[in-house]
Amino acid sequence: MFISLPMAHTSSTQTLPAIPTVPRHVAIIMDGNGRWATKRFLPRFAGHGKGVEAVRTVVEACVARGVEYLTLFAFSSENWRRPADEVSLLMRLFVVALEREVSKMHANGIRLKVVGDLSRFDAKLQQMIDNAERKTAGNTTLTVTVCANYGGRWDVMQAVQKMLAARGADSAQDASVFSEEELAQHLAMAYAPEPDLFIRTGGEQRISNFLLWQLAYSELYFTDTYWPDFGAGELDQAIASYQQRERRFGRTSAQLLEQAS
Ligand code: IPE
Ligand code: IPE
Ligand code: MG
């Protein structure tokens with residue numbers, strides 16, 4: 001059965017993607033807020049507040065550099081394990097940031113998307129997210145995706161469920177013809193190409209259940225800088241590192257040279 005795909009983005013393990021000089025899609029694990037604050041004898045929430053400022057700076061820098069998609073891990077499905085007061089502070093910060101930033105983002109042509117299992121957020125926050133997404137839906141300068149109550153495994157599971165639902169009752173019979181493309185169109189970020197550049201601040205070198213499927217062929221960049229200290233200069237360093245990489249997608253260097261000549 002042929003299934004027409006509504007999106008233009010293909011899977012990097014199935015089709016060779018274009019290799020842009022400036023990454024089209026940058027995905028960031030914004031880590032180190034707590035340690036930034038602790039180092040200054042401040043409460044952890046001070047680090048989260050500073051972290052919001054860093055988001056603003058990096059969004060502006062991405063617009064200036066022509067990045068098309070910026071994806072930010074703001075709250076993982078595992079972050080509910082934190083102390084209740086830290087979780088509620090993070091929720092409040094999210095509300096305040098939406099109140100303050102959405103109009104400015106809209107004025108700058110930024111489309112805002114929030115992905116994750118939003119059903120666990122309170123109704124007011126869900127409504128604000130919905131309003132912000134609707135208001136900015138037509139913008140094309142930069143798509144900023146905030147991953148909130150997001151987990152890579154949740155994403156793959158919900159995509160499988162949606163894929164099966166879309167196939168209807170006789171899906172079991174077609175089990176052998178599932179394709180990567182078919183699954184990928186049900187991932188929470190099916191509207192975006194896979195990240196070209198992944199950045200994690202804060203010194204840890206792990207994925208922490210971020211975009212498990214979509215990071216298959218992303219270039220990985222880790223920095224010890226805590227997120228509140230991450231700015232345009234740091235972004236440029238990450239992009240410069242990305243530009244040094246040879247993205248082979250399974251091929252050999254010789255093949256790439258041949259193709260270029
Ligand atoms: C990242 O900073 C922000 C969130 C996970 C919400 P952390 O709060 O994880 O900071 P560290 O890792 O404790 O320093
Ligand atoms: C990852 O950071 C999640 C976000 C940045 C939102 P964590 O600080 O929660 O990651 P781990 O638990 O140290 O791996
Ligand atoms: Mg952390």
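Computed from a predicted model, the values in this text were never measured in an experiment. Because only heavy atoms are used, hydrogens play no part in the values below, and waters and symmetry mates are left out as well, while side chains stay in. Atoms within a ligand are numbered from 1 in the order they appear, just like the ligands themselves.
Checked against a 3.5 angstrom limit, the closest N/O atoms of Ser208 and ligand 2 fall inside it. Polar contact with ligand 1: present for Asp31 (N/O pair, distance under 3.5 Å). Geometrically, ligand 1 and Gly34 share a nitrogen or oxygen pair separated by less than 3.5 Å.
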Can you list the steps and then say if Asp130 with Gln126 is a side-chain hydrogen bond (donor to acceptor under 3.5 Å, both in side chains)?
CA-CA 6 Å; Asp130 195 49; Gln126 289 187 47; over 6 Å; no
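No more than 12 heavy atoms of other residues, nucleotides or ligands lie within 6.0 Å of CZ in Arg100, so this atom counts as exposed by the packing criterion.
The distance from ligand 2 to the heavy atoms of Phe73 drops below 4.0 Å at these ligand atoms: 3 (C), 4 (C), 5 (C), 6 (C). Listed by number with element, the atoms of ligand 1 under 4.0 angstrom from any heavy atom of Arg35 are 11 (P), 12 (O), 14 (O). The contact set between ligand 1 and His48, taken as ligand atoms under 4.0 Å from a residue heavy atom, comprises 3 (C), 8 (O). Distances below 4.0 Å separate heavy atoms of Phe75 from the following atoms of ligand 2: 6 (C).
A heavy-atom separation below 4.0 Å is found between Ala74 and ligand 1. Under a 4.0 angstrom heavy-atom cut-off, Gly202 registers as lying outside contact with ligand 1. Put simply, no part of Arg81 is less than 4.0 Å from ligand 2, judged by heavy atoms. Not a single heavy atom of Glu204 sits less than 4.0 Å from an atom of ligand 2.
Counting only distance, with no hydrogens or angles, the side chain of Asn209 and the backbone of Gly151 share no donor-acceptor pair below 3.5 Å. Under a 3.5 Å cut-off, the side chain of Ser218 and the backbone N or O of Pro195 do form a donor-acceptor pair.
At a 4.0 Å heavy-atom cut-off, ligand 2 touches Arg206 through the side chain alone.
Checked for salt-bridge contact, Glu204 and Arg35 meet the test: a charged N lies under 4.0 Å from a carboxylate O. Contact check on Lys104 versus Glu101 returns a salt bridge, with a Lys/Arg side-chain nitrogen under 4.0 Å from an Asp/Glu carboxylate oxygen.
In this structure, atom 11 (P) of ligand 2 has protein heavy atoms in its sub-4.0 angstrom surroundings.
Pairing each heavy atom of Arg206 with each of Arg200, the nearest pair is O-NH1, 2.8 Å. Here the closest non-hydrogen pair linking Ser208 and Phe73 is O-CE2, 3.6 Å.
Ring-plane geometry between Trp80 and Phe75 is classed as perpendicular, the angle between the planes exceeding 60 degrees on a 0 to 90 degree scale with a lower cut at 30.
In summary, the side chains of Arg245 and Ser241 do present a donor paired with an acceptor at a separation below 3.5 Å, with no hydrogens or angles considered.
When ring centroids are compared, Tyr217 and Phe198 stay outside the 6.0 Å threshold.
The nearest non-hydrogen atom to atom 9 (O) of ligand 2, considering only Asn149, Asn79, Ile28, Val146, comes from Asn79.
What sits closest to atom 2 (O) of ligand 2 on the protein, heavy atoms only, is Arg200 NH2, 3.7 Å. Ranking the protein heavy atoms by distance from atom 7 (P) of ligand 2 puts Arg82 NH2, 3.8 Å first. Looking only at protein heavy atoms, the nearest one to atom 1 (C) of ligand 2 is Ile29 CG2, 3.8 Å.
Its N, O or S atom nearest to the Mg ion (ligand 3) is what matters here, and for Asp31 that atom is OD1.
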